[in-house]
Amino acid sequence: MNAAALRSTSRLTGAALRALLVLTAVTGVLYPLAVTGIARAALPGNAGGSTVEVDGRTVGSALIGQAWNGPDGRPDPRWFQPRPSAGGYDAPASGASNLAATSPELLRLVEERRAQVAAFNGVRPAAVPADAVTASGSGLDPHISPEYARLQADRVARARGLDPAAVRALVREHTRGRPGGFLGEPVVNVLELNAALHEAAP
Amino acid sequence: MSPILAGVLQVSALVAALALVHRPFGDYMATVYTSPRHLRAERWIHRAIGSDPDAEQRWPAYLRAVLAFSAVSTLFLYLLLRLQDRLPLSLGFRAIDPDQAFNTAASFVTNTNWQSYAGESAMGHLAQTGGLAVQNFVSAAVGMSVAVALVRGFARSRTGTLGNFWTDLVRGVVRILLPVSVVAAVVLVAAGAVQNFAAPQEVTTLSGAVQHLPGGAVASQEAIKNLGTNGGGFFNANAAHPFENPNALSNLWEVFLLLVIPFSLPRTFGRMVGSVRQGYAVVAAMAAIWLCAVVAVTALEYAHPGAAAQAAGGAMEGKEARFGEGASSLFAVSTTMTSTGAVDSAHSSYSALGGGVLMLGMMLGEVAPGGTGSGLYGMLVIAVIAVFVAGLMVGRTPEYLGKRIGAAEMKLAAAYILVTPALVLCFTAAAVALPTPPDSTLNPGPHGFSEILYAYTSGANNNGSAFAGLNADTQWFNTTIGLAMLLGRFLPMVFVLALAGSLAGQKPVPDTAGTLHTHKPLFSGLLVGAVLVVAGLTFFPALALGPLAEGLS
Amino acid sequence: MSPTSSVPRPEPAPHPAPVPPAPAGPGRRRTAGGLLDPRQLAASLPDAVRKLDPRVMVKSPVMFVVEVGSVLTTALAIADPGWFAWAVAAWLWLTVLFANLAEAVAEGRGKAQADTLRRARTDITARRLTDGGEQRVPGTALRVGDLVVCEAGDVVPGDGDVVEGVASVDESAVTGESAPVIRESGGDRSAVTGGTRVLSDRIVVRITSRPGETFIDRMIALVEGAARQKTPNEVALNILLASLTIVFLLATVTLQPFAVRAGAEQSTVVLVALLVCLIPTTIGALLSAIGIAGMDRLVQRNVLAMSGRAVEAAGDVSTLLLDKTGTITLGNRQAAGFVPVDGVTARELADAAQLSSLADETPEGRSIVVLAKEAHGLRARREGELGHVAFVPFTAQTRMSGVDVTGPGAAVRRVRKGAASAVDAWVAERGGTVPEDARRAVDAIAAEGGTPLLVAVEDGGGARVLGVVHLKDVVKHGMRERFAELRRMGIRTVMITGDNALTAKAVAEEAGVDDFLAEATPEDKMALIKREQAGGRLVAMTGDGTNDAPALAQADVGVAMNSGTSAAKEAGNMVDLDSDPTKLIEIVEIGKQLLITRGALTTFSLANDMAKYFAIIPAMFAAAYPGLDALNIMRLSSPQSAILSAVIFNALVIVALVPLALKGVRYRPAGADAMLRRNLALYGLGGLLVPFAGIKAVDLLVSLVPGIGS
């Protein structure tokens, strides 16, 4: 490379570096700070992680699913159970199983889960909805389908010694329809339902 | 309301919103790239860069600037990742390994955002916000600049100049990406997305367990990640993560964001070449392919073929309850067709044929509607090829927008369409033939092959989504996918800018009744055909051994 | 022919162009076929085999790949014999051979013509004029500027211009037209072509070409295809085909590792078969034949294009410059109306005019008779009906013609028609006067570019003027439609004329041309061409005079008339041997047809791949993944039969399309959109569907062979 070409290359590289640094300042510092400022001022709850408080202490985020196990590490019948998770509801390890729809491994898991959910709730295996036997995309799905929630209501009522009708009413109360009437699917937020359950019968 | 009706309404609402917005937004972008005036902020930036914003560049100079900026960006990001442990705001994460740092730097600079790491367990705030999110902005702006340069090649005559890269880059960031991102981010926060610089928060749950809730500048990064068709998630689960994509409304908003620039740029193109109908013909072809794929994947997911999905009674593996099959399919098609690569559901768990359509969406060259900028220039190159064959069929030397498509132009267009198939096929073949890379696959049989094929398709086409069962954090995959991303991004840019220069130098051929009209529905149809023939035919054998073998068995 | 001539003469050359110049008119478009005459195929076979030389094949990247594949499969068949390998190898060789055959057949048609031309060129002795007298030298010894003399019976030894004398010349050796033409010194009819024969008189010719570079030499090279270079569009198309070939090469080569992983390793023979089926062999095989045939179609119409580039440019032409006289109008004036003076009816005038023209065999005279019949129902009378009739023929001195009728009683009625001044004098001589309204009519007709003929009569009532016959230049039949057609094709026509603007406007409107250039000088013409070209338009024109030469050179397509000067022929990039300026329109159409044929066959070739995939992919992989048998929608009998059928179809389709390549696809002038829709439906959709039927049919036949079907 001759001297002139070298000079022009270094001049260009210098310009590129300066451009990157200036744009980093704008988009990497000013922009996130501005958005954070607006968010903190206008929507502090959301910006902070939509935390849920029960009895004055934070018990999780409405958006992050949790495992509802007993001390033995097995599903606790006193709580509404979430969907299966590929990461076991470990918040810093989000992710899916990535098993194929044709995967024999997934087929085995689905059949196991169906049997487990049916036995756990005392229902026919055929009554178990799809979301109850499949792991979510994030591994942190905070929701279950209304069908799965209804299916669990009697079991929860039994375990807590509550009136099944009251628990079913709670489920109805916490069933959220599709936003706008047609977006996504109707869901029940497990943490919010369990928190309401906790408040109803601690 | 039945899920199917809801799905139809959802797609209709999206189409309506895009139809409404693409005109004013496309016109606005045309103004941005043609206005002679500079904002005061832009003048400051140009002074800092040390460039004359009004100096016209010929194609080699424009290309050199693109390459220099991207090279510096890659190096800068690489160092940022390699030195993470010694820089502030690292959240205590260690330095990224060399091969993964190379892969990640290449990935974000090329607008791919392939991620062989899990964001929440590897990247601190500085790397995420000061490194990765910055590239989300500038790599998108680089793509738009190159597209605009090609459009100028069509619009200009008897000149060799294509504009000024620094001006286009700065305007793209300052006047388009930044303002829309601020609005988009605030909307996402309103929907529930997180936006803070806090460390993970430890909580004790009602059942007595301990949970760590992550924080971060998520909404601001989510906005530009979609708007710039980048796709790199703050979290490993990407847009399936409730902090990135809290509900079905935010989901539709994100789909809208990732489609809005690619679907509006044809309008910009039409404005700049002086005939909005030319833009309509291009956007119609893009929309037709996109819509067909949406219908196909949605129908397949509702039908949920595959033994495991059948046993489960629905294709909900890897999908979030709040989205369901319909919203997930819409997101999946839109993200693969736009080179975004964000995912709100696990593509690997889609039905075999549905996943095949997603893969095909990328194989078509990311043109329906494609990435920010890259979709438009990709489609225009395909248009050049379509015009060539069709032009011959009307008995004239083919011309597009008054520019003759001669041997020089054809050489560049042909080279362009060669690049990605060559990269995808050669790298996949090498990976399959070598002993160890296949060990990275999660699923057996043809789906395992699909994982590898998907990875290189995604990399070379700068998409970034994955059949994520593949463990891609190996030296082999980090290095080869990194190379595929770099070559798949910058080689086509070389050909596009050379083509632009060649077109800009021509004098226009006047339009007559004997001219092939490229603003009619017939041409849109031709464009769709050319996309399918040029890209689709190449990958048919490979698809046969992956999704087709899996789906038809 | 002169009995004293000692120059050895070649035998009169047979007609070189077997297809006579086709009648112009919008109805006829298809060139004569008769292309796959088995004798011609047999004659072309040695050439086709010679072309298997890899150094020749490499010029066509697609077919070169097929040839490499053929060698490879043959080697594999030798190493590991089996009927399948041998069958594939054989059909791959046939594929290459068919491609070469197509080219050889296309070239063969030019060769016959070249041989005829060669005969006209051999062994000419020239009579070179030297200071002292005359010297006999071989034709090859002539230099530019030499003067040679040719007398009746002599063959003109080289191209040149007549500088002295006038002679009738038989140009059939070059043009195929047997009627002799006049060549004279000076003016626009001074060019003579080497190899033509002087029939009468004596001329002196200044030689303008070097030996070996004469018009005939160039013609031979052109029709033989020796001078053939790839045209710009052909180069661009070749690039596209090459890149598609590379893409499919990659797709095939990388398929093997994929197949191995799937546990379905493929034999190299199968992979080569897949590759050959996928790359665009159909268009690759026929591309050069299409180009040669395009040139040949021009030659059949007696037009010589100096380069393929010119033929292609003809398709792109957007402005046609057409000379008025001879191209748009018939070139001779015809009666268009009778204008009687006061007191005379039009019928009387017509009657007199007809009478005076009965013996007038000029086109003008005949047209008066015709008009009288058409306009006034006056049939032509025979001599007997009129009593004694004495015709007075037209002479340059009197500038009148007419008739003296001696009726019953020896009353003589004299009728005259002619130029105004002559008739004026004739009437005055006989004591009559020309009325004012006749003068006004004469001036009015002259003012709008027509020619007035006064008609006068002298009988018992003295000499008087009856009226004026309006002669004017008549637009050729069908030109209006032709121009409308051109307009639909996006071509603007500009009429060039030396007439004044008023006349030009009238003719332009009548003919329906888009624009006109009146009182055109060569400089005006040049300026017009440059103006059009500056706007990005391609211009075509015809010309014959030396002063046309600069414009012919400037135009993108310059068609020189063979009857013109050598300067014009040098400057243009085409020569029309029939010297028919209307042919420019046909030349444009041939140019378009050439491009359309390439585009259509490319589309067809690419669309074919779909069916081939559906034949070959399930055949390759249904064993490993039985589900893929669902792709075998043609239900082909066995994997091997499926692959072989695809290969055989791929080869046969080349043969099937050779006639189309040579004839060109059907071309009907239409707007671009209509044309595209039609060609897409035909060659795109057809290309998609035909191979499904074709491969299935071949499979049915192949599976009849024992041991193949299962």
Side-chain angles (χ1 to χ4, degrees), chain B residues 385 388-398 402 405-407 409-411 413-415 417-418 421-422 425-426 428-430 432-433 438 445-446 448-449 453 507-510 512-517 520 522 526 529 533-534 537-542 544-546 548-553, chain C residues 232-233 235-237 239-240 242-243 246-248 250-251 253-255 257-262 278 312 315-316 318 487-492 535-537 591-593 595-596 598-600 602-603 606 609-610 613 617 621 625-628 630-631 667 671-673 675-677 679-680 683-684:
Chain B
I385 304 234
F388 181 76
V389 177
L392 288 180
M393 274 198 289
V394 303
R396 303 244 309 195
T397 291
I405 308 304
E409 289 76 22
M410 189 43 77
K411 212 174 282 173
I417 58 164
L418 260 178
L425 291 171
C426 293
T428 308
V432 167
F449 171 67
L453 180 63
K507 63 181 177 190
V509 181
T512 70
T515 309
L516 172 73
H517 287 130
K520 302 241 174 112
L522 182 64
L526 201 66
V533 167
V534 165
L537 285 180
T538 316
F539 290 105
F540 191 89
L545 288 177
L548 286 176
E550 187 191 351
L552 295 175
S553 292
Chain C
N233 278 317
V235 172
L237 183 54
I239 291 169
L240 178 65
S243 74
I246 296 171
V247 164
F248 286 122
L250 285 173
V253 169
T254 56
L255 188 56
F258 304 166
V260 170
R261 186 186 190 279
L278 292 183
E312 228 167 49
D316 289 342
S318 43
R487 202 167 303 121
R488 276 199 300 282
M489 288 157 60
I491 297 171
R492 223 162 66 85
R537 295 185 187 82
K592 285 194 179 295
Q593 195 188 26
L595 296 183
I596 294 172
R598 284 199 199 123
T602 304
T603 309
L606 291 178
D609 279 5
M610 190 50 77
Y613 267 137
I617 293 295
F621 298 120
Y625 298 121
L628 287 179
L631 296 179
Y667 172 73
D673 294 330
M675 215 175 326
L676 179 61
R677 201 168 301 122
N679 288 330
L680 264 185
Y683 299 99

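Here is the naming used below: chain letters follow the sequence lines, and residue numbers restart at 1 for every chain. Since the model is a prediction, treat every value here as computed from it, not as a measurement.
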Atom group of B/Leu526 that falls short of 4.5 Å from chain C, counting heavy atoms: side chain
Measure distances from B/Val432 to the heavy atoms of chain C and classify the residue's part below 4.5 Å as side chain, backbone, both or neither. side chain
C/Phe621 portion near chain B, given a 4.5 angstrom heavy-atom threshold: side chain
Among C/Tyr683, C/Tyr625, C/Tyr613, C/Phe248, single out the residue with the greatest number of heavy-atom pairs under 4.5 Å to chain B. C/Tyr613
Only pairs of heavy atoms separated by less than 4.5 Å count here; which of C/Leu631, C/Leu628, C/Asp609, C/Thr602 has the most with chain B? C/Leu628
Under a 4.5 Å cutoff for heavy-atom pairs, which residue among B/Ala422, B/Gly391, B/Ala414 has the most contacts with chain C? B/Ala414
Are B/Leu537 and B/Phe540 packed together at the side-chain level, in the sense that at least one heavy-atom pair is separated by less than 4.5 angstrom? no
I need the residue from B/Ala407, B/Gly551, B/Pro398 with the largest number of non-hydrogen atom pairs under 4.5 Å to chain C. B/Ala407
Do you know which of B/Ala433, B/Pro446, B/Ala542, B/Gly402 has the most heavy-atom pairs under 4.5 Å to chain C? B/Pro446
One option among C/Asp316, C/Leu680, C/Val247 has the most heavy-atom pairs under 4.5 Å with chain B, and it is C/Asp316
Interface residue of largest heavy-atom contact number with chain B, from C/Gly671, C/Gly535, C/Gly684, under 4.5 Å: C/Gly535
Non-hydrogen atoms of chain B under 4.5 Å away: do they reach the side chain of C/Ile491, the backbone, both or neither? neither
Atom group of C/Arg488 that falls short of 4.5 Å from chain B, counting heavy atoms: backbone
Atom group of C/Ile617 that falls short of 4.5 Å from chain B, counting heavy atoms: side chain
Chain C contact via B/Thr397 - which portion, at a heavy-atom distance below 4.5 Å: both
Check: C/Arg261 side chain, B/Gly445 main-chain N or O, donor-acceptor pair, under 3.5 Å: yes
Heavy atoms of C/Leu250 and B/Cys426 approach each other most closely as CD2-SG, 3.7 Å
Quick check on the interface: out of C/Leu606, C/Thr603, C/Val235, who has the most heavy-atom pairs with chain B under 4.5 Å? C/Thr603
If we only count heavy atoms from C-beta on, is the C/Phe258 to B/Pro541 side-chain gap below 4.5 Å? no
Do C/Glu312 and C/Lys592 sit within salt-bridge range, that is, some charged N less than 4.0 Å from a carboxylate O? no
Name the option with the most non-hydrogen atom pairs under 4.5 Å to chain B; the candidates are C/Ser318, C/Gly599, C/Ala236. C/Ala236
Taking side chain as C-beta onward, heavy atoms only, is B/Thr538 less than 4.5 Å from B/Ile417? no
Cut-off 4.5 Å, heavy atoms of chain C, and the answer for B/Phe388 is side chain
Heavy-atom distances under 4.5 Å only: say whether B/Leu522 touches chain C with side chain, backbone, both or neither. side chain
Begin from the C-alpha positions of B/Arg396 and C/Ile596 and carry the test side chain to side chain contact (heavy atoms under 4.5 Å, CB included) through to its verdict. CA-CA 8 Å; B/Arg396 303 244 309 195; C/Ile596 294 172; over 6 Å; no
Would you mind checking which part of C/Val260 comes under 4.5 Å of any heavy atom in chain B, side chain (CB onward), backbone (N, CA, C, O), both or neither? neither
So which part of C/Arg492 gets closer than 4.5 Å to some heavy atom of chain B, the side chain, the backbone, both or neither? neither
Okay, side chain of B/Thr428, backbone of B/Leu425: is any donor-acceptor separation there less than 3.5 Å? no
B/Pro510, B/Ala544, B/Ser553: which one forms the most heavy-atom pairs within less than 4.5 Å of chain C? B/Pro510
Among B/His517, B/Glu550, B/Lys507, B/Lys520, which residue has the highest count of heavy-atom pairs closer than 4.5 Å to chain C? B/His517
